Amino acid sequence: MFDSILSHLMLIGVLGIGSQWFAWRFRMPAIVVMSVAGLLIGPIFGIMTPSEDFGALFNPIISVAVAIILFEGSLNLDYREIRGLGKSVYRIITLGAFLAWILGSLTAFFVAGLSWAISFVIGGLFIVTGPTVILPLLRQAKLKARPAAILKWEGVVVDPLGALLAVFAFEIIQFLTIDTVTAEAMLLFFLASLFAIALGWACGRGIGWMFETGFVPEFLKSPIVFTVVIACFAAADEVMHETGLLAVTAMGMTLANMHIASLSDMRHFKENISVLLISGIFIMITASLDRATLLQVFDPRIMAYVILMLLIVRPLSIWLSTINTELSFKEKALVGWIAPRGIVALTVAGYFANVLEEAGYPGASIVTPLTFALVFSTVCAHGFTIGPLARKLGLSLEGKPGVIIVGGSSFTTSLARTLKEMNIPVLITDTSFEQLFNARKAGIPYYRGEILSEQTEYYLDMTPYEKLIAATDRDSYNSLVCTTFVPEIGRNDLFQLSWHDPDREHPDDLVVRIGGRILFEKGATYAELNRRIDEGYHFVQTKLTKQYNYKKYLEEMEEDTLPIVNFKPTGKFDFFTSEAPLKPEAGDTIISLAPPVRMENKIKSSLENRKDEDENLPVQ
């Protein structure tokens, strides 16, 4: 059935993206699902073997994909992100990596029974975590900013260092054991590494200069970036194997810290490409394994090695390297546990397994199953535990989805107070302290600053907020805010107030293309909503039952009452919009903005009931 490269690509794409969707839908680690899917179509059922089916193209495809993923990850390494964390990050990527190398090598020699030569090669390789595994886990776990930043920086920076460390160890071994290998080879290695860093820096500065001076048109920016990334990787890798990863990392970090506005516009496109590549190559790598390799995984020596790497080597290297740093006990515990190995470990290990075996080093045949055992074990162990452990340690932002409201006013303050009473994380942002006066007075969390400013990204942690309401008095600004946050939040969770002129020509056509979903009903504008609050309108809760359903609620709803938000018993909620009507069910709670007369009627009804009760009391 699948006997052509085109059909293989189709199957890999469907399984890769299907695994991502399945993981999102059922809240599972995506990398685990992708690994299982690859094993099913590869060694288990034998549907395809990408390493054979793609032939000579297999390794270049994997290498280029890893380079692009690593570059995309390094684009997020802005030094402003680690303010206050510089010491711990520096320690982990230097001293921590060195300790992990030494401890891992000793474990490989004494526990796995490998030779000193092979032990130090794979010991250097296994210090990597990498963006292919760390970034999907961070996306899933919703960690607090500090541990998330540390894990991301370690994953991206140490990824090329691990590959280089393996190469360095191999060069050392050859220098010590082979007479024909001289000190010149060692010098060449260091020069090649310096050349890779310089090449990456030069490519990054060159691209930045071209973008800042308008030397490149908008439609060519993304293609040029990707072309230069591949060229930079290939050029460095031709000089010395595995230095290409160092080059693209240097290029990405250079661009990230030049703070080029147009580069952020392309970031979402690059993230989409990265998701596609991660999905594809995880399927390809795992599907290329054979059954013999899978069976070797259950070797007692390999299992003991994996357990010690998980429980001793990683935690010990982190704890020792972060002594007297700003990290708390809980942060050290989380970072010391989370270290999933990924694609770089698998691909580079495959390369060294062949090289070491051809060079006649004993035990080289065990490198591939040992690597797969460590990769699959860490991916599963850390993928399934990062969320629960983070919640247990209080380092997770899991909980009810929060709401960020752009624009301070009487209405937004009242809405925020109501959401806060329902235990919903809420934050009001505005550029004016005057507009935030009501929020500050009511004790509502607030942020004074421009939500669209690049600086806001580093001073305001928006991770807890999954919904955004643009509620300023400027329609165009509301649309701009919603359009800007579509890639991060998604249009279904972006809302804005009704246009001030609802009768304008085809207003909804414009909203479909830009902006968020229109809240409430047409005519619920900034001025109208604030007028209602100023006149005494208030938020009320109505719980639906089987007898008092949504239809009855609408029939008995007083005039001028405006349904605002619908809460599910599970804690999920959604706002009423003029685009897609909600269908509340029994057990749901509707929050609505009701006129003052409703309260007066309640008081009057209560007094009448009290009067009836008094009249029915027995005469003493």
Side-chain angles (χ1 to χ4, degrees), residues 24 27 138-149 330-331 334 386-431 435-452 456-472 478 481-482 484-497 516-517 519 539 541 564-577 582 588-591 593:
W24 166 81
R27 300 181 66 82
L138 295 181
R139 204 176 292 125
Q140 162 210 341
K142 297 180 183 177
L143 300 182
K144 289 185 177 179
R146 282 165 59 98
K330 293 181 178 179
E331 289 170 332
L334 181 66
I386 185 172
L389 180 61
R391 288 192 291 273
K392 185 73 175 177
L393 295 174
L395 299 175
S396 173
L397 295 170
E398 283 280 346
K400 292 183 178 180
V403 181
I404 187 165
I405 303 175
V406 182
S409 66
S410 301
F411 169 74
T412 57
T413 300
S414 298
L415 175 61
R417 185 190 297 113
T418 303
L419 293 174
K420 187 179 178 183
E421 290 170 355
M422 300 292 288
N423 296 319
I424 302 299
V426 64
L427 177 79
I428 297 180
T429 75
D430 204 298
T431 57
Q435 293 293 98
L436 292 169
F437 174 77
N438 290 329
R440 290 184 285 126
K441 185 178 179 181
I444 305 297
Y446 69 92
Y447 172 77
R448 179 180 177 268
E450 173 55 65
I451 191 69
L452 298 178
T456 300
E457 182 180 350
Y458 302 101
Y459 292 105
L460 175 62
D461 181 17
M462 295 186 63
T463 310
Y465 309 106
E466 297 184 12
K467 299 178 186 290
L468 182 146
I469 297 175
T472 71
N478 292 340
V481 169
C482 290
T484 301
F485 284 95
V486 164
E488 287 88 356
I489 298 177
R491 194 171 188 275
N492 284 340
D493 292 318
L494 289 167
F495 307 91
Q496 67 182 91
L497 298 185
R517 299 162 67 192
L519 278 173
F539 289 94
Q541 300 182 21
I564 300 293
V565 59
N566 182 60
F567 283 91
K568 294 285 184 184
T570 59
K572 293 184 177 181
F573 64 95
D574 206 351
F575 293 96
F576 286 87
T577 68
L582 298 180
D588 292 0
T589 299
I590 299 176
I591 306 293
L593 185 61

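Just so you know, these numbers come straight off a predicted model, no measurement behind them.
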For A390, does its backbone N or O pair with a side-chain atom of K144 as donor and acceptor, under 3.5 Å?
no
Atom pair CZ/CD1 of R391 and I386 - distance to nearest 0.5 Å
10.5 Å
Would you say that I590 contacts F576 through its side chain, given a criterion of any heavy-atom pair below 4.5 Å between the two side chains?
yes
Can you check whether L419 reaches I591 side chain to side chain, under 4.5 Å on heavy atoms?
no
Measuring from atom NZ of K467 to atom CG of N492, what distance do you get when rounded to the nearest 0.5 angstrom?
8.5 Å
Hey, does the side chain of R517 reach the backbone of Q496 with a donor-acceptor pair shorter than 3.5 angstrom?
no
Is any side-chain heavy atom of Y447 less than 4.5 Å from a side-chain heavy atom of D430?
no
Specify the closest pair of heavy atoms between G408 and Q435, including all atoms of both residues, with the distance to one decimal.
O-NE2, 3.0 Å
Could you check whether any side-chain heavy atom of I469 comes within less than 4.5 Å of a side-chain heavy atom of V406, counting everything from C-beta outward?
no
Looking at residues at least two apart in the chain, or sitting in another chain, which of them share a ring-ring contact (aromatic ring centres under 6.0 Å, His included) with Y446?
none
List for me each residue that meets salt bridge (charged side-chain N to carboxylate O under 4.0 Å, His left out) alongside D588, sequence neighbours excluded, and say none if there are none.
K568
Would you give the length of the straight line joining atom CD1 of I428 to atom CZ of R448, rounded to the nearest 0.5 angstrom?
15.5 Å
Expected output: side-chain T577 to main-chain L519 donor-acceptor under 3.5 Å:
no
Value for CG (N438) from OG (S414), rounded to nearest 0.5 Å, stands at 8.0 Å
Excluding sequence neighbours, so at least two apart, what forms side chain to side chain donor-acceptor pair (under 3.5 Å) with N478?
T472
Decide yes or no on side chain to side chain contact (heavy atoms under 4.5 Å, CB included) for F567 and I424, but give the supporting numbers first.
CA-CA 11 Å; F567 283 91; I424 302 299; 3.8 Å; yes
Using 0.5 Å steps for rounding, measure from the CG atom of N566 to the NZ atom of K572.
13.0 Å
Just to verify, what does K330 make a side-chain contact (heavy atoms from CB on, under 4.5 Å) with, not counting sequence neighbours?
S328, L393, L395
Any side-chain heavy atom of F573 within less than 4.5 Å of one from M422?
no
Would a 4.5 Å heavy-atom cut-off, applied to side chains only, mark L468 and I405 as touching?
no
Using a 4.5 Å cut-off on heavy atoms from C-beta on, say whether the side chain of L436 contacts that of I444.
no
On the 0 to 90° scale, with breaks at 30° and 60°, tag the F539-F411 ring pair as parallel, tilted or perpendicular.
tilted
Contact between L427 and V403 at the side-chain level, heavy atoms closer than 4.5 Å - yes or no?
no
Locate the shortest heavy-atom distance separating C482 from G516; write the atom from each residue and the value.
CB-N, 3.2 Å
With sequence neighbours left out, what residues match T413 under side chain to side chain donor-acceptor pair (under 3.5 Å)?
none
Looking only at non-hydrogen atoms, find the nearest pair between P425 and N423 and report the distance.
CD-O, 3.7 Å
With sequence neighbours left out, write down each residue that passes side-chain contact (heavy atoms from CB on, under 4.5 Å) with T431, or none if nothing qualifies.
E450
Between L334 and L389, which heavy-atom pair has the shortest distance, and what is it?
CD1-CD2, 3.7 Å
Separation between CG (D493) and CZ (R491), nearest 0.5 Å, reads 11.5 Å
